[in-house]
Novice: 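Have a look at this one before I ask anything.
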Amino acid sequence: MTALFDSLAQDNWHLFLGVLLAFLVIRFVTWRIDNRPVASRFPALVALLDLLVLPGMVIVAGTLLRLGAAVLEVPDVDAGIRSLTLLVAHLAAGWAVARLIEVVLLVRADDDLSERVPKLVVGLIYVAMMLFGLAIYLWQRGYSFTGIWVSTGVAAAVLGLALQKTLGDLFSGIALGVERPFRLGDWVELNNGIVGQVIDLNWRSTRLRGWDNSTHIIPNSQMAGQPIKNLHDDQHLYAPWYFVKLPAEIDPRFATALMLEAAMRCESVLKFPYPVVRLSEATTVPYVYMVWVHLKNYPAMFRAREELFREIHRSLQDAGIEMAPEVREMRTRRAHVSHAEPPSILLALKGLDVSGLLTADELEEVAARGVYCHYDSGHVILADGAQSDAFYVVAGGLVEAVVTLPDRSRKVTETLGPGKHFGITSMLTNDPSFLEFTAKSDVSLIRVDLDCVRRIVAARPELAERLAGVVKARLDTAEAARTASRQPVRRLSLRDISRRIETVMVRPNRFYRGR
C-alpha cells in the first residue's frame with residue numbers, strides 16, 4: 001500500500017496534498033457535528049466515516065512527509081517515517097473500530113436503559129482494539145510475540161507488585177463489567193447499609209448516588225468482594241413486605257380482611273399481583289401479620305409504605321382495634337385489652353353496598369336467615385355448571401369470577417370485593433352457573449338461603465329489576481369473553497331475564513296459597 005502511494009505521489013503530489021486537505025476538512029466537520037443533531041440521527045455513519053478517513057489521512061500525510069524529506073535531501077529518515085506512518089495508521093484504524101463499536105452500544109442504550117455501558121467497558125474496548133492494531137503492525141514487521149512477552153515479563157512483574165492494589169481494582173472492575181451483577185441506573189444496597197443508584201463504573205471505582213444526592217465512591221475490589229443486594233431500576237417491580245402486630249384477641253380472619261381492604265385502597269400499591277395478608281407469627285403475643293404488596297419500582301416504596309400504613313391505621317381505628325403493645329408474662333402496668341369481634345351479620349350488611357337495595361325489615365330478615373362462612377384462598381365457592389343453593393354477600397376478602405372459554409382457557413371477568421354478591425344468577429335464569437367463583441384471598445361470606453331472597457324479590461319488583469341488571473352485566477361480560485375466543489354463546493336479553501324473574505315471583509305466591 002505504501003509503495004503504491006510512493007509511486008503515485010512522485011508525479012501527483014499536488015493531488016495528494018488536496019486529498020490530505022479534504023481529509024482534514026471532513027474530520028473537522030465530523031468533529032464539529034459530533035454533538036449536533038446530524039450526529040445524533042446518524043451516529044454509526046459518522047463513526048464509519050472516521051474508520052475510512054483516519055487511516056487514509058495518516059498514510060497520505062506520511063507519504064507527503066517522505067516526499068518532502070526526499071526533495072530536501074534529508075538523510076536517513078525515509079525508513080523511520082515509513083515505519084512511524086504504518087504504526088500510526090494501524091493505531092488509528094484500531095481507534096476508529098473501537099469508536100464504531102462504542103456508537104453501536106450507545107444506540108442500543110438509547111432504546112434499552114438496562115443496556116447502558118460503563119465507561120470501564122468502553123475504555124477496555126479502545127485499549128483492546130488499539131492493541132490489536134499494534135499486534136498486526138508487529139506481525140507485518142516480522143516480530144515474534146514470544147520474544148516480546150519474555151522481554152517484558154520481568155518489567156510486568158515489577159510493575160504488578162508496585163500497582164497491586166490498583167490492578168486489583170482494575171481487574172475487579174473488569175469482572176463486574178463482564179458479569180454485570182448490576183447495571184447503570186440500578187439501585188443497590190451494600191453490606192454496610194449504603195443504598196445508592198449506580199451512576200458509573202470506571203477502572204478504579206464504582207460510583208453510587210445516594211438519596212441525599214451525595215456520591216459514594218467504592219473501590220471495585222470492595223464491590224466485588226462483598227454481598228450486593230440489587231434493587232434494580234425504575235422498570236423493575238419491587239415487592240416488599242411489612243409486619244403489623246395486633247392483639248391476640250382479634251379474630252385473624254377479621255384482621256387479615258381489614259388489612260387487605262386497606263392495601264386495596266392504596267393508589268401506589270399495584271392491584272395485580274394482588275396484595276397478600278397472612279398471619280405470620282401466632283406463637284407469641286401479640287400476633288404478627290405480614291402484608292406483602294407489589295410496587296412499580298423501588299423508588300416508589302417510600303410513598304407506598306406511608307400510604308399503606310396510613311390506610312391500615314384507618315381501617316383498624318374504624319374497627320376499634322389498637323396496635324398491640326408488647327405483652328410479657330410479668331407486666332408492670334395494666335395493658336389495654338382490645339375486645340373486637342367481627343360485626344354481627346345485620347351490622348355487616350348495613351356497612352356494605354348491598355344495604356342500599358334492601359329496607360330495614362328486609363335487612364333484618366336476611367340477617368336472620370344468614371350465616372357467616374369462611375373460605376381459604378384458592379377454594380372454589382361455586383363451580384362452573386353448578387346450581388347455586390344460596391345467595392352470597394362478600395363481607396371481607398376478594399372473590400374472582402372466572403369464565404371458561406371454548407379452548408379450555410380461563411378468563412377473569414370480575415373481582416368481587418366487600419359488598420358485592422353472587423349466587424342469585426341461577427335463581428333468576430333457572431340455568432346452572434356460567435361462572436366459577438373462587439376465593440382469591442381468605443374470604444368471609446354471608447350466606448343466605450335462596451327461599452328468603454325469592455320472597456323478598458317477589459314482593460319488590462323494582463329490586464328484581466336491579467338484580468336483573470347485575471345478572472345481565474355478568475352475562476354480557478361472559479359473552480364478550482367467549483366472543484373474543486371466536487365461539488358464540490347463548491345471549492339472554494334484559495327482557496328474557498325480567499320474564500324469568502316474574503316466573504320466580506309468581507311461583508312462591510302459588511306455593512303459599514296452596515299451603
Side-chain angles (χ1 to χ4, degrees), residues 94-95 97-132 152-153 155-242 294-305:
W95 184 91
V97 171
R99 172 63 179 165
L100 182 60
I101 296 174
E102 179 189 10
V103 166
V104 172
L105 293 177
L106 289 177
V107 169
R108 289 183 59 188
D110 291 339
D111 298 332
D112 188 355
L113 294 178
S114 64
E115 295 296 331
R116 286 178 289 189
V117 183
K119 293 181 181 179
L120 174 63
V121 177
V122 175
L124 291 176
I125 292 174
Y126 276 90
V127 172
M129 290 298 100
M130 294 183 72
L131 288 178
F132 184 70
T152 58
V158 175
L159 186 63
L161 290 175
L163 301 176
Q164 183 176 5
K165 187 173 181 60
T166 302
L167 291 176
D169 290 334
L170 173 62
F171 286 106
S172 296
I174 294 174
L176 291 173
V178 172
E179 185 183 356
R180 304 188 77 178
F182 51 80
R183 304 170 188 266
L184 294 185
D186 285 354
W187 289 87
V188 297
E189 181 178 352
L190 304 185
N191 201 29
N192 56 4
I194 293 177
V195 178
Q197 186 178 30
V198 182
I199 59 175
D200 188 24
L201 172 62
N202 55 38
W203 63 273
R204 193 190 73 84
S205 63
T206 302
R207 297 172 183 265
L208 308 179
R209 180 69 50 79
W211 284 110
D212 56 357
N213 210 30
S214 61
T215 302
H216 303 276
I217 302 174
I218 315 296
N220 289 332
S221 57
Q222 293 185 16
M223 288 292 293
Q226 67 174 312
I228 300 174
K229 183 178 181 180
N230 191 345
L231 303 172
H232 298 286
D233 58 7
D234 296 346
Q235 309 300 319
H236 194 277
L237 287 182
Y238 184 64
W241 54 83
Y242 305 101
H294 285 76
L295 313 176
K296 64 179 181 179
N297 52 43
Y298 168 70
M301 178 265 297
F302 297 95
R303 174 182 175 86
R305 181 175 58 188

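What you see below is based on every heavy atom in this structure, not just the backbone, and it leaves out hydrogens, waters and symmetry mates.
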Novice: Could you state the interatomic distance from CG (Leu176) to CG (Leu201), rounded to the nearest 0.5 Å?
Specialist: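 One gets 6.0 Å once the value is rounded to the nearest 0.5 Å.
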
Novice: Between atom CD1 of Ile228 and atom CD1 of Ile194, what is the distance when rounded to the nearest 0.5 Å?
Specialist: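 Here the rounded value is 11.5 Å.
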
Novice: Could you tell me which non-hydrogen atom of Gly94 sits nearest to which non-hydrogen atom of Met129, and how far apart they are?
Specialist: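 Shortest heavy-atom separation between Gly94 and Met129 comes out as O-CB, 3.2 Å.
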
Novice: Distance check, rounded to the nearest 0.5 Å: Trp187 atom CH2 versus Lys229 atom NZ?
Specialist: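 Here the rounded value is 14.5 Å.
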
Novice: Nearest heavy-atom pair of Gln197 and Gly185: which atoms, and what distance?
Specialist: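 Closest pair (atom of Gln197, atom of Gly185, distance): NE2-O, 3.0 Å.
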
Novice: Just verifying a value: how many Å separate Ile218 CD1 and Arg204 CZ, rounded to the nearest 0.5 Å?
Specialist: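 Spacing of CD1 (Ile218) from CZ (Arg204) equals 10.0 Å.
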
Novice: Any idea which heavy atoms bring Ser205 and Asn220 closest together, and the distance?
Specialist: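 In this case the closest contact between Ser205 and Asn220 is C-OD1, 3.1 Å.
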
Novice: Once rounded to the nearest 0.5 Å, what's the spacing between atom CG of Leu295 and atom CE of Met301?
Specialist: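 Interatomic distance, Leu295 CG to Met301 CE, rounded to 0.5 Å: 8.5 Å.
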
Novice: Looking at side-chain heavy atoms only, is the closest gap between Val198 and Leu208 below 4.5 Å?
Specialist: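 In short, these two side chains touch, coming nearer than 4.5 Å.
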
Novice: As an exercise, state the distance from CE of Met223 to CG of Leu190, rounded to the nearest 0.5 Å.
Specialist: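 Those atoms lie 5.0 Å apart.
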
Novice: Tell me whether the count of non-hydrogen atoms from other residues, nucleotides or ligands lying under 6.0 Å of OH in Tyr242 goes above 12.
Specialist: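 Above 12, so yes.
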
Novice: Locate the shortest heavy-atom distance separating Met130 from Trp95; write the atom from each residue and the value.
Specialist: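 Scanning both residues completely, I find the closest heavy atoms to be CG-N, 4.0 Å.
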
Novice: Going by ring-ring contact (aromatic ring centres under 6.0 Å, His included), name the residues that satisfy it together with His216, two or more places apart in sequence or in a different chain.
Specialist: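 His216: no ring-ring contact (aromatic ring centres under 6.0 Å, His included) contacts found.
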
Novice: Quick check: closest heavy atoms across Gln226 and Asn191, and the distance to 0.1 Å?
Specialist: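 Of all heavy-atom pairs spanning Gln226 and Asn191, the closest is OE1-N, 3.2 Å.
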
Novice: Taking all heavy atoms of Ser221 and all of Ser172, pick out the closest pair and write down the distance.
Specialist: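 That closest heavy-atom pairing would be CA-OG, 3.5 Å.
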
Novice: For the side chain of Glu189 and the backbone of Val195, is there at least one donor-acceptor N/O pair under 3.5 Å apart?
Specialist: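 The answer is no, because no donor-acceptor pair under 3.5 Å joins these two groups.
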
Novice: Are Asn202 and Arg207 side-chain neighbours, meaning at least one heavy-atom pair lies under 4.5 Å?
Specialist: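 Heavy-atom side-chain distance check passes, below 4.5 Å.
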
Novice: Are any side-chain N or O atoms of Asp233 and backbone N or O atoms of Asn297, one a donor and one an acceptor, separated by less than 3.5 Å?
Specialist: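 Pair absent, no side-chain N/O of Asp233 close to backbone of Asn297.
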
Novice: Partners of Phe302 by ring-ring contact (aromatic ring centres under 6.0 Å, His included), sequence neighbours excluded?
Specialist: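 For Phe302 the ring-ring contact (aromatic ring centres under 6.0 Å, His included) partners, ignoring immediate neighbours, are Trp211.
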
Novice: I'd like to know if the side chain of Asp186 reaches the main chain of Asn230, judged simply by a donor and an acceptor atom lying under 3.5 Å from each other, with no hydrogens or angles considered.
Specialist: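 Flag not set: sc Asp186 to bb Asn230 has no pair under 3.5 Å.
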
Novice: List for me each residue that meets ring-ring contact (aromatic ring centres under 6.0 Å, His included) alongside Phe182, sequence neighbours excluded, and say none if there are none.
Specialist: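 By the ring-ring contact (aromatic ring centres under 6.0 Å, His included) rule, Phe182 matches no residue at all.
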
